[in-house]
J.: 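Have a look at this one before I ask anything.
If you're wondering where the values come from, they're calculated on a predicted model, not measured in any experiment.
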Amino acid sequence: MANGPGIYNFLPMVRGDTFRARNLASDVSQGGVPLALTSARMQVRALVGGNVLLEWASCEITGDDSNTVRLSAKTADEMQALPTGAHLYDLEVIFASDGAKLTLLAGRFPIIEDITRD
């Protein structure tokens, strides 16, 4: 298993733009065989220990080896509710083999101000 989370910084997103669904693949393996996941969740916060600004409480697990985490889309309204800033996130997964929990990814989730509005 990894010695710490992989670092992935999302590109800046404009507040109020739809967050498109996307896959985040796990590269955690044992003996060259990918380890299957049973669940995953991701939270975005302005700072460590701060309030949860955005959450994927139950991410879909996909892929032939059940080791790809799919983040569902978030609507423009959900994204409009976020404050701007250099937010932080992490993605936790639970492994099918033994129920172990691991923070797989962590990094920045920046939101910038939108200019065009209704």
Side-chain angles (χ1 to χ4, degrees):
M1 302 232 180
N3 292 329
I7 302 299
Y8 175 76
N9 295 317
F10 283 86
L11 293 174
M13 288 170 269
V14 177
R15 190 175 76 145
D17 284 359
T18 301
F19 180 90
R20 301 268 184 206
R22 62 190 72 190
N23 292 337
L24 301 173
S26 165
D27 64 356
V28 179
S29 62
Q30 190 169 38
V33 176
L35 294 174
L37 307 173
T38 57
S39 66
R41 69 184 187 139
M42 183 173 130
Q43 293 180 342
V44 175
R45 298 172 188 255
L47 49 95
V48 175
N51 293 333
V52 174
L53 301 174
L54 190 62
E55 182 170 19
W56 286 263
S58 171
C59 302
E60 181 183 0
I61 306 299
T62 65
D64 293 339
D65 296 316
S66 295
N67 68 338
T68 300
V69 176
R70 180 156 183 83
L71 298 178
S72 60
K74 295 289 185 183
T75 67
D77 288 341
E78 289 173 293
M79 297 301 288
Q80 184 66 42
L82 291 176
T84 58
H87 308 311
L88 305 171
Y89 83 94
D90 69 12
L91 173 69
E92 282 184 348
V93 297
I94 296 179
F95 293 97
S97 60
D98 61 1
K101 182 174 23 173
L102 177 72
T103 299
L104 189 64
L105 289 174
R108 293 185 183 96
F109 195 92
I111 303 294
I112 58 176
E113 190 62 59
D114 54 330
I115 304 302
T116 305
R117 296 192 179 184
D118 293 334

J.: By side chain to side chain contact (heavy atoms under 4.5 Å, CB included), which residues pair with Ala81, not counting sequence neighbours?
T.: none
J.: With sequence neighbours left out, write down each residue that passes side chain to side chain contact (heavy atoms under 4.5 Å, CB included) with Arg70, or none if nothing qualifies.
T.: Ala21, Asn23, Glu60, Thr62
J.: Provide the full list of ring-ring contact (aromatic ring centres under 6.0 Å, His included) pairs with a residue in residues 33-78, sequence neighbours left out, each pair given once.
T.: Phe19-Trp56
J.: Rounded to the nearest 0.5 Å, how far apart are CE of Met42 and CG of Leu24?
T.: 7.0 Å
J.: What residues form a side-chain hydrogen bond (donor to acceptor under 3.5 Å, both in side chains) with Glu78, not counting sequence neighbours?
T.: Thr75
J.: Going through the checks in order, is the side-chain contact (heavy atoms from CB on, under 4.5 Å) test met by Val69 and Ile61?
T.: CA-CA 5 Å; Val69 176; Ile61 306 299; 4.2 Å; yes
J.: Looking at every heavy atom in both Ala40 and Val93, which two are closest together, and how far apart are they?
T.: CB-CG1, 3.9 Å
J.: Testing the basics here: between Leu91 and Cys59, what is the closest heavy-atom pair and its distance to 0.1 Å?
T.: CD1-SG, 4.5 Å
J.: Considering only residues two or more places apart or on different chains, which pairs with a residue in residues 101-115 satisfy salt bridge (Lys or Arg N to Asp or Glu O under 4.0 Å)?
T.: Arg15-Glu113, Arg15-Asp114, Glu113-Arg117, Asp114-Arg117
J.: Could you list the cluster mates of Leu88? Members are the ILVMFWY residues connected by side-chain heavy atoms closer than 4.5 Å, either directly or through other members.
T.: Val48
J.: Is there any side chain to side chain donor-acceptor pair (under 3.5 Å) pair reaching into residues 33-52, and which pairs are they, with sequence neighbours excluded?
T.: Arg41-Glu92, Gln43-Arg45, Gln43-Glu55
J.: Do you know the tightest heavy-atom contact between Gly16 and Ala76?
T.: O-CB, 3.1 Å
J.: Grab the two heavy atoms, one from Ile111 and one from Met79, that are nearest each other, plus how far apart they are.
T.: CD1-CE, 4.0 Å
J.: Would you mind listing the cluster partners of Ile112? Hydrophobic ones only (ILVMFWY), side-chain contacts under 4.5 Å, chaining allowed.
T.: Val14
J.: If the condition is ring pair (Phe, Tyr, Trp, His ring centres under 6.0 Å), which residues does Phe10 pass it with, not counting sequence neighbours?
T.: Tyr8, Tyr89, Phe109
J.: What residue pairs, at least two apart or across chains, pass ring-ring contact (aromatic ring centres under 6.0 Å, His included) with a residue in residues 64-84?
T.: none
